[in-house]
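Okay, so here's the structure we're looking at.
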Number of protein chains: 2
Amino acid sequence: MNKKREGKTTSKIFDDHDHGICFDDAIEQIENYFLKKNLQFTPLRRKVFEILIKDHKPLGAYEILEALGRDGFSSSPPIAYRVLDFLMKHGFVHKIQGLNAFIACSNPNHSHSPAFVICRKCEKVAEVDERKSGISFASPNIENFEVEKTTVEMTGVCTTCSSAAIM
Amino acid sequence: MNKKREGKTTSKIFDDHDHGICFDDAIEQIENYFLKKNLQFTPLRRKVFEILIKDHKPLGAYEILEALGRDGFSSSPPIAYRVLDFLMKHGFVHKIQGLNAFIACSNPNHSHSPAFVICRKCEKVAEVDERKSGISFASPNIENFEVEKTTVEMTGVCTTCSSAAIM
DNA sequence: TCATAACATGTTATAACATAACACCTACTT
DNA sequence: AAGTAGGTGTTATGTTATAACATGTTATGA
């Protein structure tokens with residue numbers, strides 16, 4: 001999965017991080033959140049979240065179902081969609097519309113209007129912070145329209161892919 | 001379809017316009033473009049574009065297929081998807097990811113990275129101009145990542161809907 | 001003019017994504 | 001105990017999209 005670690009320039013935005021820390025942090029965060037809000041962090045919900053945070057890339061609902069099946073859970077479609085809806089509602093999972101796929105949230109504030117950068121070659125996805133990325137959205141209020149949710153997805157090619165291939 | 005035209009405040013962004021002018025303009029524009037680029041504006045392509053620009057709201061591929069069928073065209077799925085892909089490639093149609101639907105472009109410069117405002121109640125969609133709307137995207141270049149296409153969709157409730165209903 | 005290449009459309013079948021509807025179980029409440 | 005709410009399981013089906021191949025049409029050039 002991480003074939004290109006030797007020497008090549010890598011895009012900052014897709015930089016690796018310590019999966020161990022990332023994973024543990026994320027689990028702790030979600031546990032605290034559920035505790036505080038008096039929500040059930042059931043084995044199924046935990047497993048779905050773990051599957052997503054482990055892979056750290058967007059997974060289709062049916063991929064998640066396969067993983068669930070391998071781990072002894074039921075794997076009929078509603079199982080995945082229900083849990084995903086629930087986790088999305090609380091900001092721990094986001095849907096990447098352009099890929100019909102789901103990704104664990106990597107943002108500690110659980111924005112409900114994240115922005116994503118998607119490499120159309122390796123399908124890696126990065127959740128970007130407004131500030132850091134240089135992207136900026138003006139007020140979410142557009143002339144009498146109340147914006148509840150903003151979907152922002154930037155598709156292109158990451159440096160690793162563009163430098164590695166003949167295009 | 002346009003039940004609320006009497007007196008209520010309407011959201012500027014969804015303001016009505018002269019469909020006749022809009023339609024004619026759009027057809028003329030696309031004709032000119034195809035001519036200039038030496039592309040074929042075939043009856044099928046024309047019809048699909050007309051269906052979209054007439055309705056002036058996002059239509060699902062299968063809705064377009066029904067309309068095609070009613071007008072004597074073939075209505076098997078690939079027909080619609082192929083034409084839609086073609087029209088999208090040239091910027092005359094956009095896909096609204098959040099609705100799995102397609103809409104004719106209302107922007108004369110055929111941006112390939114438009115922004116949309118979507119009312120989740122009436123499902124009206126407006127294509128907004130960066131400048132006018134107060135939305136702004138910074139450079140499409142994010143640290144070594146070449147952005148090719150940006151999807152921006154803002155979902156919420158328009159004034160007409162929020163003032164009309166009990167929510 | 002006929003071969004051919006490129007493009008456009010037609011058709012069948014199927015893949016991929018998502019939800020409706022109902023059943024059952026558990027935990028908590030009154 | 002009966003009632004309610006939340007969570008999961010299951011079957012069936014609905015919706016969206018594409019693969020693969022067949023046929024037609026137009027432009028080009030030998």
Side-chain angles (χ1 to χ4, degrees), chain A residues 30-31 33-35 37-52 58-90 92-103 120 123 151 153, chain B residues 30-31 33-35 37-52 58-90 92-103 120 123 151 153:
Chain A
I30 194 170
E31 273 175 348
Y33 179 92
F34 274 51
L35 207 64
K37 295 263 185 171
N38 234 317
L39 301 167
Q40 300 178 51
F41 196 38
T42 63
L44 179 60
R45 288 171 180 171
R46 173 186 288 268
K47 178 53 75 179
V48 170
F49 185 71
E50 284 179 0
I51 289 166
L52 285 170
L59 294 177
Y62 282 73
E63 290 178 282
I64 294 167
L65 285 167
E66 276 176 38
L68 285 174
R70 281 195 296 275
D71 287 351
F73 290 84
S74 165
S75 60
S76 44
I79 295 292
Y81 286 105
R82 277 193 296 231
V83 173
L84 289 168
D85 280 350
F86 181 85
L87 293 173
M88 281 193 287
K89 200 168 89 187
H90 295 282
F92 291 95
V93 167
H94 299 297
K95 180 168 186 180
I96 308 294
Q97 297 282 359
L99 300 172
N100 290 322
F102 303 85
I103 192 164
R120 66 170 165 73
E123 294 210 337
T151 300
E153 297 178 8
Chain B
I30 194 171
E31 274 175 349
Y33 179 92
F34 274 51
L35 207 64
K37 295 263 187 175
N38 234 316
L39 301 166
Q40 299 178 51
F41 196 38
T42 63
L44 179 61
R45 288 172 180 169
R46 173 186 288 269
K47 178 54 74 179
V48 170
F49 185 72
E50 284 178 0
I51 290 165
L52 286 171
L59 294 177
Y62 284 73
E63 290 178 283
I64 294 167
L65 284 167
E66 275 176 39
L68 285 174
R70 280 195 296 274
D71 287 351
F73 289 84
S74 166
S75 59
S76 43
I79 295 292
Y81 286 105
R82 277 194 296 234
V83 172
L84 289 168
D85 280 349
F86 182 86
L87 293 173
M88 281 193 285
K89 200 170 89 188
H90 295 282
F92 291 96
V93 167
H94 299 297
K95 180 170 185 178
I96 307 296
Q97 297 283 359
L99 300 172
N100 290 324
F102 303 85
I103 192 165
R120 66 169 165 75
E123 294 211 337
T151 300
E153 296 178 7

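The chains referred to below are lettered A, B, ... by the order of the sequence lines, with proteins before strands, and numbering in each begins at 1.
- By the 4.5 Å heavy-atom criterion applied to side chains, Leu84(A) and Leu52(A) are counted as neighbours.
- Whole-Å rounding puts the Ile79(A) CD1 to dA23(C) P distance at 17 Å.
- No side-chain heavy atom of Phe86(B) sits under 4.5 Å from any side-chain heavy atom of Arg82(B).
- Atom CG in Leu59(B) sits about 15 Å away from atom C1' in dT16(D), given to the nearest Å.
- The closest side-chain heavy-atom distance from Phe73(A) to Ile79(A) is not below 4.5 Å.
- In this structure the side chain of Val48(A) never reaches within 4.5 angstrom of the side chain of Phe102(A), judged on heavy atoms.
- The CD-C1' distance, from Gln97(A) to dA18(C), rounds to 13 Å in whole Å.
- A distance-only check finds no donor-acceptor pair linking the side chain of Gln97(B) to the backbone of Thr151(B) [under 3.5 Å].
- The two residues Lys47(A) and Leu68(A) come nearest to each other via the heavy atoms CG-CD2, 3.6 Å.
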Polar atom pairs (N or O), protein with nucleotides 17-27 of chain D, under 3.5 Å:
{"residue": "dA17(D)", "atom": "OP1", "partner": "Lys95(B)", "partner atom": "NZ", "Å": "2.4"}
{"residue": "dA17(D)", "atom": "OP2", "partner": "Tyr81(B)", "partner atom": "OH", "Å": "3.0"}
{"residue": "dA17(D)", "atom": "O5'", "partner": "Tyr81(B)", "partner atom": "OH", "Å": "3.4"}
{"residue": "dA17(D)", "atom": "N7", "partner": "Tyr62(B)", "partner atom": "OH", "Å": "2.5"}
{"residue": "dA17(D)", "atom": "N6", "partner": "Tyr62(B)", "partner atom": "OH", "Å": "3.2"}

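- Rounded to whole Å, the distance from CG on Leu84(A) to C1' on dC17(C) is 12 Å.
- As rounded to whole Å, 12 Å separates atom C1' of dT16(D) from atom CD of Glu63(B).
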